[in-house]
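Here the structure is laid out as structure tokens; the discussion comes afterwards.
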Amino acid sequence: MPLIANTPVEKMAGPYSRRWLALLVLCLSLLIVVMANTSLIVAAPDMTQGLGLSSSDLQWVIDGYTVPYAALMLVLGSIGDKYSRRGALVAGLVIFAGGSVMGSLVDGTGLVITARAIMGVGAAVVMPATLSLLVAVFPKRERAKAITAWTATSGLAIAVGPLVAGWLLEDHAWGSTFLINVPIAVVAVFGALVLVPPSKAANAGRIDYVGGLLSIVSVGSLVYAIIEGPHFGWGTGPVAAAVVAGVGLLAFVLWELRHPHPMLDVRRFAQRSFSGSMLAVLFFFFGTFGAIYYSTQFLQFVLGYGALETGVRLLPLAGAVFVGAAATGRLTPKLGMKTMVVSGMVIGTAGVLLLTLIDTGSTYADFLAPMMLLGFAIGLSVSPATDTIMGSFPESELGVGGGANDTALELGGSLGIAVLGSLLATAYKDRLTDLVGEQLPASAMETAKDSVGGGLAVAEQIAKTPSAGPQQAQALIDAVHEAFAHGVAHTSLIGGIIMAAGTMIVLAVLPGRKAAKRDEGELEESAKERVDVG
């Protein structure tokens, strides 16, 4: 057996014999891409202190990764389909590792944001490549099981990222949370060459670069507006970005409808199984990412857990993901995709709504049930939705299918963190103003209202002031904790309502079993027509 896997999937007489080992490589690649975002949840305080970041700076350190990641996936997935899916995976891992090395070495805010953007470009190549290779390598009868493992890995990364980052931050500076990606990426590159066979589309036509450019402009502008507007106000920049996104999306749809070989055949959205699954992924990650984002802040800033302690306390979420994944593997063939997806969304909604009970007396135990419900819901519903999305694309467009699925995931997560984070900040500011608005100097009050971390920093300064002292500092700490707890409860109510509305929409859009089979037949017929035309 040769050291390098050289036989293309398309030329194999039967299923690839080492496909389960190949899946390990794909899941490892996915793991570091997702961990790159979740590890910053616990690394953010150290980075803020080390770099002197403002709230705006920190937001763009986090989201400098998100914008290229979301905007480029569709185009880069299409390029991988045409030229080489494994080549795309390897190239993406190399770019990702390069950005990680840069991020670990630089000490300026702009350079860190640049490093994160480079990592985002690498992730935009890796993410669709993992899904397209998975679908290409596994026969249809095993595909749902493989996608379940892929989904469980993304859920695992939500907990493992903070855990690994917390462990590193015990003895090392924040740059170590970037550097940990490098050895994993090297192992993944080697594993890809040895265990993942080459694959590309057999009947790929010319790449629709105009459609690709329109998708980059539309998605990039939309994500920018989502990030900037809710957090920092709807000034000229976010409003202009939203307008560009709307015009770009309209132009994209019109172009794709007329193009003989569109990058993304928008007619697919007329198929209820496809559009319903895309909506399910978007709404689900809206609520999940938003809830995890502010729950971890509560664990750190209010309950006082360190980075490692916070990571450890997220592990039950990862365990619940695997339980949900095991359940969906057994139940989906019996109950159907619609039942599993909607059930998962109901459970996830319940998890978010449980966080409305959070108050100043809450402990970690009050977060345990919501986290486990969210983890179980991820395992239960995301895999069937992803399987349906990928099954909607012909072999020649698997990278595009992966890009579409991952764009919905990233848009949902970005919306959740931006919208729910903005609601949390507003509720926190309003309650803190009511509690201590007339007791602090204006400059100190502005700092305290900026974030829970800012409020605690002001209290620390007050404790060192002879004219104030520990008693007044403790009063401010209590007020900050109460304001943040109020913000979590208030935001969770709105997030739960949005998720409940999303669940009802998905329930209405997703077809039953008979209609789903009819959708599948229509998609297969459409794929055959596309191949014949090509």
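FYI, the numbering just counts along the sequence from 1.
Closest approach of Leu72 to Val121, counting heavy atoms only: CD1-CG2, 4.0 Å. Listed here is the closest heavy atom pair of Val382 and Phe285: CG2-CE1, 3.8 Å. In this structure, Ile477 and Ala459 approach most closely via the heavy-atom pair CG1-CB, 3.5 Å. In plain terms, the two heavy atoms of Cys27 and Ala149 that are nearest each other are SG-O, 4.1 Å. In plain terms, the two heavy atoms of Thr310 and Leu299 that are nearest each other are CG2-CD1, 4.3 Å. Taking every heavy atom of both residues into account, Asn37 and Glu410 meet most closely at ND2-OE2, 4.0 Å.
We find the CG-CZ distance between Asp366 and Phe298 to be 8.5 Å, quoted to the nearest 0.5 Å. Atoms CG and CZ, from Leu26 and Arg85 in turn, are 12.0 Å apart once rounded to the nearest 0.5 Å. Interatomic distance, CE of Met47 versus CZ of Phe178, reported as 4.5 Å (0.5 Å rounding). In this structure, Ser29 OG and Met127 CE are separated by 11.0 Å, a value rounded to the nearest 0.5 Å. Met345 contributes atom CE, which lies 8.0 Å from atom CZ of Phe284 (distance to the nearest 0.5 angstrom). A distance of 9.5 Å separates CD1 in Ile147 from CD1 in Ile389, rounded to the nearest 0.5 Å.
There is a side-chain donor-acceptor pair under 3.5 Å between Glu228 and Trp60.
Legend: side chain to side chain donor-acceptor pair (under 3.5 Å) pairs involving residues 159-181, not counting sequence neighbours, sorted by first then second residue: Ser100-Asn181. Within the structure, every pair that satisfies the side chain to side chain donor-acceptor pair (under 3.5 Å) test and touches residues 484-493, not counting sequence neighbours, is listed here: Tyr294-Ser492, Arg431-His486. Among residues at least two apart or in separate chains, side chain to side chain donor-acceptor pair (under 3.5 Å) pairs with a member in residues 147-165 are Thr130-Trp150, Thr148-Ser383.
Taking 4.5 Å as the limit, every side-chain heavy atom of Val436 sits out of range of all side-chain heavy atoms of Gln472. A heavy-atom distance below 4.5 Å is found between the side chains of Val480 and Leu456. The side-chain heavy atoms of Leu89 and Val125, taken from C-beta on, include no pair separated by under 4.5 Å. For the pair Met499/Phe283, no side-chain contact is recorded, criterion being any heavy-atom separation below 4.5 Å from C-beta on. Considering only heavy atoms from C-beta on, Val164 stays 4.5 Å or farther from Ser39 through its side chain. You'll find the side chain of Phe289 stays beyond 4.5 Å of the side chain of Leu415, heavy atoms only. Leu411 places a side-chain heavy atom less than 4.5 Å from the side chain of Leu222. Counting only heavy atoms from C-beta outward, the side chains of Ile32 and Leu93 approach each other to under 4.5 Å.
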* To do: Begin from the C-alpha positions of Leu163 and Val312 and carry the test side-chain contact (heavy atoms from CB on, under 4.5 Å) through to its verdict.
  => CA-CA 6 Å; Leu163 179 65; Val312 169; 3.5 Å; yes
* To do: Tell me, with the steps shown, if Leu432 and Met445 meet side-chain contact (heavy atoms from CB on, under 4.5 Å).
  => CA-CA 9 Å; Leu432 189 66; Met445 190 63 200; 4.0 Å; yes
* To do: Let me see the working for Ile358 and Leu355 under side-chain contact (heavy atoms from CB on, under 4.5 Å), right down to the final yes or no.
  => CA-CA 6 Å; Ile358 296 299; Leu355 292 171; 4.1 Å; yes
* Asked: Where do Val33 and Tyr69 land on the side-chain contact (heavy atoms from CB on, under 4.5 Å) test, with the steps shown first?
  -> CA-CA 10 Å; Val33 166; Tyr69 183 18; 3.5 Å; yes
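A donor-acceptor pair is defined here as one N or O able to donate and one able to accept, closer than 3.5 Å; such a pair exists between the side chain of Ser218 and the backbone of Leu249. Checked by atom type and distance alone, the side chain of Asp359 pairs as donor or acceptor with a backbone atom of Ser362 at under 3.5 Å. Remark: side-chain polar atoms of Thr447 are paired, donor with acceptor, to backbone N or O of Ser443 under 3.5 angstrom. A donor-acceptor pair is defined here as one N or O able to donate and one able to accept, closer than 3.5 Å; no such pair exists between the side chain of Arg116 and the backbone of Gly64.
In this structure, the ring of Phe484 has its center no less than 6.0 angstrom from the ring center of Phe301.
No more than 12 heavy-atom neighbours from other residues, nucleotides or ligands sit within 6.0 angstrom of CZ on Phe190.
For the pair Arg313 and Phe367, the NZ or CZ position fails the cation-pi test of under 6.0 Å to the six-membered ring centre and within 45 degrees of the ring normal.
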